[in-house]
Visitor: 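Structure in structure tokens, see below.
FYI, the numbering just counts along the sequence from 1. Below, all heavy atoms of this structure are taken into account, side chains as well, without hydrogens, waters or symmetry copies.
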Amino acid sequence: MNQLKEFLSNHPHIHHAVPDSPDYEDLRTGFLINESRKPAIIVRPRSAEDVAALVSILTQHDLPFAVRVGGHDMFGRSQITDGVTIDLREISHVKIDKTAQIARVGGGVITMDLLEMLHEHEVITPYGNTPSVGVTGWATFGGYGLLSSKYGLGVDQIVGAKIVDARGTIRDADETMLTAIRGGGGCIGVIVEMIVKVYPQSQILAGAIFYDSKDLATEIKQFNEAYTKAKNDGLPASLHLYQAIINGPGGKSLAVLFMWASSELEEGQKWLFQVSSWLPVAMNTVQPTTHRDFAKFASSMLPAKTYGTIFTVNLFELTPEVLEVIGIHAKRQPNNPEVLFGIHELRADAPRESSVETVYDNRRPHFLLEMIPMGPSLDILAEATAWAEAFRDDLRRTEPSNIVASTYISLTSPKESVMESIYGVKYQKLKEIKGIYDSRNTFKSALPQFY
């Protein structure tokens, strides 16, 4: 550690903090207040060259380190107690080339900041529902969002990357490295820049529909019956719906984030009318807007910091059995506005076969159900966690053939992360590439684990 401190003293432009630094706690804590890992030092490089120098020193002296790109991991895996945190959030550039339809995104860019820049150029790329997440972590491990029906997952947008490899060398990722990055994240190097596809888009129709929920169990079934029929009849790629159970000002309700990702607003209004007709509506915030402003609205529905964790289950279908379980636990959901239940979906008609090579394997149509216990205190978190665990366990007891073996690594706890299940038939390919570029497992703190 002394060698690192000497390096930092000779490079004063690289900000860093140790436990007795006045800004240490602000830099250490992310979205979760209950994150307890305390690194010996947090380092915030400002360039790829800074990262390269840091990796060289850390590997040379066998110092444990983790890489942080946003600080939103629900299990605190971006830091190591008594280790070194390489915090990339000052590598936050966004450079857009509208002619080439790409954006160069720094490794520490946060989703909301990316959307601000894309807004200025009237382009968009798929992004996560939570605007405070790091773009790199979200995209490289899959990337569910409200644009997946039209453009595919976040992982499918990555067409290039700049990484610092295990030797501390800055490299433009070749196709083999990109294959590993698309799904394997930073397991073969520190991703200091991604190049992602962007698409022309300015105005959209988006917001939330809150249904008048007097009998949640019945309404959840009715909504999904209507939604399934609409899918069978054919949904436009521009429409995407995210179901949630939210504790709002009017009490607990079934809500839907409505995204019409097209400038053909008149057609979008027709679909808004149809979705709104499926159940009585208590409040409708859907309006002509932009992705940036919609993300600001989404941010307003979430706490900036909270005590919390997450549980997920992936299912092929929302069967009557599954909907019954959802209805039971929706009623039991604690009446705390920070507690959430939501359903991501990869639709059958969404772009699923990527035009680029990836190690992301979970391509069949499916639903990702997320139970998110959060709260302003540990006592409230304990109650919410008990609810979420019981909910998850009951979902796991439903028909086994309907349960997807693969889980989403970003939202899977370390103790339940089975790499062979997460990556399926792509795991051997990821291991092979890992062996080529990081045979000594320098980046052993990345989410994919190799034994």
Visitor: Looking at Asp165 and Gly168, would you say the former's side chain and the latter's main chain have a donor-acceptor pair under 3.5 Å?
Guide: yes
Visitor: Take Ile380 and Val339 through the side-chain contact (heavy atoms from CB on, under 4.5 Å) test and state the conclusion after the steps.
Guide: CA-CA 10 Å; Ile380 292 176; Val339 177; 5.7 Å; no
Visitor: Classify the side-chain pair Thr312/Glu370 by whether it contains a donor and acceptor separated by less than 3.5 Å.
Guide: no
Visitor: Does the side chain of Phe258 come within less than 4.5 Å of Ser276's, by heavy atoms?
Guide: no
Visitor: Is there a ring pair (Phe, Tyr, Trp, His ring centres under 6.0 Å) between Phe341 and Phe391 once you walk through the steps?
Guide: CA-CA 10 Å; Phe341 167 71; Phe391 196 165; 4.9 Å; yes
Visitor: To the nearest 0.5 Å, tell me how far Lys150 NZ sits from Ser148 OG.
Guide: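 Reported to 0.5 Å precision, the distance equals 12.5 Å.
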Visitor: Do Thr398 and Glu321 have side-chain N/O donor and acceptor atoms under 3.5 Å apart?
Guide: no
Visitor: Check the orientation of Phe443 and Phe65. Use parallel for under 30°, tilted for 30 to 60°, and perpendicular for over 60°.
Guide: perpendicular
Visitor: Give a yes or no on this: more than 12 heavy atoms of other residues, nucleotides or ligands lie within 6.0 Å of atom NZ of Lys429.
Guide: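 No, not enclosed.
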Visitor: State whether the side chain of Thr228 and the backbone N or O of Glu225 hold a donor-acceptor pair below 3.5 Å, judged by distance alone.
Guide: no
Visitor: Can you tell me if CZ on Arg292 sees more than 12 non-hydrogen neighbours from other groups inside 6.0 Å?
Guide: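 Above 12, so yes.
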Visitor: Tell me yes or no: between the side chains of Glu345 and His240, is some donor less than 3.5 Å from an acceptor?
Guide: no
Visitor: Could you go through the side-chain contact (heavy atoms from CB on, under 4.5 Å) check for Leu146 and Asn129 one step at a time?
Guide: CA-CA 7 Å; Leu146 296 176; Asn129 291 5; 3.5 Å; yes
Visitor: Side chains of Phe75 and Thr309: does their closest heavy-atom pair fall under 4.5 Å?
Guide: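 Yes, their side chains come closer than 4.5 Å.
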Visitor: Please assess Thr136 against Val105 for the test side-chain contact (heavy atoms from CB on, under 4.5 Å), listing each intermediate value before the final yes or no.
Guide: CA-CA 8 Å; Thr136 298; Val105 182; 5.5 Å; no
Visitor: Which pair of heavy atoms, one from Asp156 and one from Pro351, lies closest together, and at what distance?
Guide: OD2-O, 4.3 Å
Visitor: What is the minimum heavy-atom distance between Thr140 and Met194, and which atoms define it?
Guide: CG2-SD, 3.8 Å
Visitor: Which heavy atom in Glu35 sits nearest to a heavy atom in Arg28, and how many Å separate them?
Guide: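 Nearest pair, atom of Glu35 first, then Arg28: O-NH1, 2.8 Å.
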Visitor: Within the structure provided, determine whether Ser417 and Lys415 are in side-chain contact (heavy-atom separation under 4.5 Å).
Guide: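 Answer no - side chains too far apart.
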Visitor: Counting only heavy atoms from other residues, nucleotides and ligands, does the tally under 6.0 Å from NZ of Lys305 exceed 12?
Guide: yes
Visitor: Report the relative orientation of the aromatic rings in His72 and Phe31; use parallel for angles under 30°, tilted for 30 to 60°, perpendicular for over 60°.
Guide: parallel
Visitor: Measuring from atom OG of Ser47 to atom CD of Glu193, what distance do you get when rounded to the nearest 0.5 angstrom?
Guide: 12.0 Å
Visitor: Can you confirm whether more than 12 heavy atoms, excluding those of Arg104, are under 6.0 Å from its CZ atom?
Guide: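 No, not enclosed.
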Visitor: For a quick test of reading the model, state the closest non-hydrogen atom pair linking His16 to Leu8 and the distance between them.
Guide: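 Looks like CG-CD1, 3.7 Å.
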Visitor: Do Ser401 and Glu399 meet the criterion of a side-chain donor-acceptor pair at a distance under 3.5 Å?
Guide: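 Distance-only check passes for Ser401 and Glu399.
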Visitor: Given Asp394 and Arg392, is the salt bridge (charged side-chain N to carboxylate O under 4.0 Å, His left out) satisfied, shown in steps?
Guide: CA-CA 5 Å; Asp394 280 354; Arg392 176 203 60 189; over 6 Å; no
Visitor: Which heavy atom of Gly342 sits nearest a heavy atom of Tyr242, and at what distance?
Guide: CA-OH, 3.2 Å
Visitor: Apply the test side-chain hydrogen bond (donor to acceptor under 3.5 Å, both in side chains) to residues Thr125 and Gln157: give CA-CA distance (whole Å), side-chain angles for both, the deciding distance (0.1 Å), then the verdict.
Guide: CA-CA 8 Å; Thr125 193; Gln157 315 309 316; 4.6 Å; no
Visitor: Strictly below 4.0 Å, N to O, side chains only: are Lys426 and Glu357 in salt-bridge contact?
Guide: no
Visitor: So how far is it from Leu205 CG to Thr289 OG1, rounded to the nearest 0.5 Å?
Guide: 9.0 Å
Visitor: For the pair Asp50 and Arg46, find out whether any cationic side-chain nitrogen is under 4.0 Å from an anionic carboxylate oxygen.
Guide: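 Salt bridge absent between Asp50 and Arg46.
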Visitor: Are Tyr211 and Phe223 close enough that their ring centers fall under 6.0 Å?
Guide: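 Yes, ring centres under 6.0 Å apart.
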Visitor: Would you say Lys434's side chain and Phe450's backbone share a donor-acceptor pair under 3.5 angstrom?
Guide: no
Visitor: side-chain contact (heavy atoms from CB on, under 4.5 Å), that's the test. Do Val190 and Ile163 meet it? Break it down for me.
Guide: CA-CA 5 Å; Val190 182; Ile163 76 163; over 6 Å; no
Visitor: First locate atom CD1 of Ile124, then atom OH of Tyr199, and finally report the distance between them rounded to the nearest 0.5 Å.
Guide: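 Taking CD1 in Ile124 and OH in Tyr199, the distance rounds to 11.0 Å.
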Visitor: Would the distance check show the side chain of Asn362 and the main-chain N or O of Thr407 forming a donor-acceptor pair, the cut-off being under 3.5 Å?
Guide: no
Visitor: Does any N or O in the side chain of Arg182 come within less than 3.5 Å of the main-chain N or O of Ile158, such that one atom is a donor and the other an acceptor?
Guide: yes
Visitor: If you define the side chain from C-beta out and look only at heavy atoms, does anything of Pro303 sit under 4.5 Å from Glu338?
Guide: yes
Visitor: Would you say the side chain of Val84 lies within less than 4.5 Å of the side chain of Leu54, judging by non-hydrogen atoms?
Guide: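 The answer is no, as the side chains (C-beta and beyond) never meet within the 4.5 Å cut-off.
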Visitor: Tell me yes or no: between the side chains of Ser213 and Ser253, is some donor less than 3.5 Å from an acceptor?
Guide: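 Absent: no donor and acceptor within the cut-off.
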Visitor: Using 30° and 60° as the class limits, which term best fits the ring planes of Tyr423 and Tyr427: parallel, tilted or perpendicular?
Guide: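 Parallel, since the angle between the ring planes stays under 30°.
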Visitor: Inspect the surroundings of CG in Asp23 and state if more than 12 heavy atoms from other residues, nucleotides or ligands are less than 6.0 Å away.
Guide: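 For Asp23, atom CG is crowded (more than 12 foreign heavy atoms under 6.0 Å).
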Visitor: Hey, are the side chains of Val18 and Ile42 touching, using non-hydrogen atoms and a 4.5 Å cut-off?
Guide: no
Visitor: Quick one: does Asn336's side chain have a donor or acceptor within less than 3.5 Å of a partner on Met374's backbone?
Guide: yes
Visitor: Please verify the inter-ring angle class for Tyr144 with His344; under 30° counts as parallel, over 60° as perpendicular, anything in between as tilted.
Guide: tilted
Visitor: Would you say the side-chain atoms of Glu90 and His15 include a donor-acceptor pair closer than 3.5 Å?
Guide: no
Visitor: Any donor and acceptor pair, going by atom type alone, linking the side chain of Glu219 with main-chain N or O of Lys214 inside 3.5 Å?
Guide: yes
Visitor: Does the cation-pi check pass for Arg364 over Phe316, that is, NZ or CZ under 6.0 Å from the six-membered ring centre and within 45° of its axis?
Guide: yes
Visitor: Can you find a heavy atom in the side chain of Leu115 that is under 4.5 Å from one in the side chain of Tyr127?
Guide: yes
Visitor: Hey, are the side chains of Pro39 and Thr81 touching, using non-hydrogen atoms and a 4.5 Å cut-off?
Guide: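 Not in contact.
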Visitor: Measuring from Glu416:CD to Ile422:CD1, what's the distance to the nearest 0.5 Å?
Guide: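 Interatomic distance, Glu416 CD to Ile422 CD1, rounded to 0.5 Å: 10.0 Å.
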Visitor: Got a donor-acceptor contact below 3.5 angstrom from the Asn402 side chain to the Glu317 backbone?
Guide: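 Flag set: sc Asn402 to bb Glu317 pair under 3.5 Å.
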Visitor: Counting N and O atoms only, with roles assigned by atom type, does the side chain of Thr290 sit under 3.5 Å from a partner on the main chain of Asp293, one being a donor and the other an acceptor?
Guide: yes
Visitor: For residues Ala384 and Pro334, report the shortest heavy-atom separation together with the two atoms involved.
Guide: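 Minimum heavy-atom separation between Ala384 and Pro334: CA-CG, 3.9 Å.
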Visitor: If you measure from CD on Gln243 to CD1 on Ile326, what distance do you get to the nearest 0.5 Å?
Guide: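 The CD atom of Gln243 sits 7.5 Å away from the CD1 atom of Ile326.
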Visitor: Checking the side chain of Ser92 only, and the main-chain atoms of Val109 only, is there a donor and an acceptor separated by less than 3.5 Å?
Guide: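 Here the side-chain-to-backbone pair does not exist.
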